[in-house]
Amino acid sequence: MATRTAKTYWEGSLKEGQGETHLVSSGAGRFEVSWAARVDEPEGMTSPEELLAAAHATCFSKSLAHELVEAGHPAPASVETKADVTFEPGKGITGIELTVSADVPGIDEEQFQAAVAAAEKNCPVSRALAATEINVEATLK
């Protein structure tokens, strides 16, 4: 079992405030966040939706590679997945669209689409997004 950690520090109200998200486990970076970066132009900041898109694109690409090999096909020469996560103020995340392109030697379209369907079903991030239980532990300072 592996646990990965990110941490966000936020100051101020939702619309006027700002914060910083740290990728703690990897130490890969600190990223500024704000409401404006979420609903307007990012201007060098990120958003939960962009981070979710990165996680989903990464997970889906790896899941597709796995499904192809598990089905007895060669490992893909490449898989490129773009994830578009749509956020609507007042509604939240309203959709995720994955666009996938892969170079897999020796398979036909039907075999490829079967692997894509399996990856869609088995991608851990896809499954997490369908989860209904989120546990929250909160402490008031």
message = Between Lys82 and Glu80, is the side-chain contact (heavy atoms from CB on, under 4.5 Å) condition met? List the steps.
response = CA-CA 7 Å; Lys82 180 180 82 144; Glu80 183 176 306; 6.0 Å; no

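Interatomic distance, His22 NE2 to Thr8 OG1, rounded to the nearest 0.5 Å: 7.5 Å. The OG atom of Ser34 lies 13.0 Å from the NZ atom of Lys15; values are rounded to the nearest 0.5 Å. Summarising the geometry, atom CH2 belonging to Trp10 is positioned 7.5 Å from atom CD belonging to Gln18; distances are rounded to the nearest 0.5 Å.
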Per-pair distances, 0.1 Å, donor-acceptor, side chain in residues 59-71, under 3.5 Å, sequence neighbours excluded:
| unit_1 | atom_1 | unit_2 | atom_2 | d |
| --- | --- | --- | --- | --- |
| Ser61 | OG | Ala57 | O | 3.1 |
| Ser61 | OG | Thr81 | OG1 | 2.7 |
| Glu67 | OE2 | Asn122 | ND2 | 3.0 |

List the atom pairs, with distances to 0.1 Å, where a side-chain N or O of residues 90-110 and a protein N or O form a donor-acceptor pair under 3.5 Å, not counting sequence neighbours.
| unit_1 | atom_1 | unit_2 | atom_2 | d |
| --- | --- | --- | --- | --- |
| Thr94 | OG1 | Glu88 | OE2 | 3.2 |
| Asp108 | OD1 | Glu110 | N | 3.2 |
| Asp108 | OD1 | Gln111 | N | 2.8 |
| Glu109 | OE2 | Gln113 | NE2 | 2.7 |

Atom pairs and distances, side-chain donor-acceptor, residues 47-55, under 3.5 Å, sequence neighbours left out:
| unit_1 | atom_1 | unit_2 | atom_2 | d |
| --- | --- | --- | --- | --- |
| Ser47 | OG | Glu49 | N | 3.4 |
| Ser47 | OG | Glu50 | N | 3.1 |
| Glu49 | OE1 | Arg38 | NE | 3.0 |
| Glu49 | OE2 | Arg38 | NE | 3.0 |
| Glu49 | OE2 | Arg38 | NH2 | 2.7 |
| Glu50 | OE1 | Thr46 | OG1 | 2.4 |

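Under the 4.5 Å side-chain contact rule for hydrophobic residues, Val125 and Val116 share a cluster. Grouping the Ile, Leu, Val, Met, Phe, Trp and Tyr side chains by contacts below 4.5 angstrom, directly or via other members, places Leu14 apart from Tyr9.
Considering only heavy atoms from C-beta on, Trp35 comes within 4.5 Å of Pro89 through its side chain.
The neighbour count for Glu20 CD, taken as heavy atoms of other residues, nucleotides or ligands under 6.0 Å away, is above 12.
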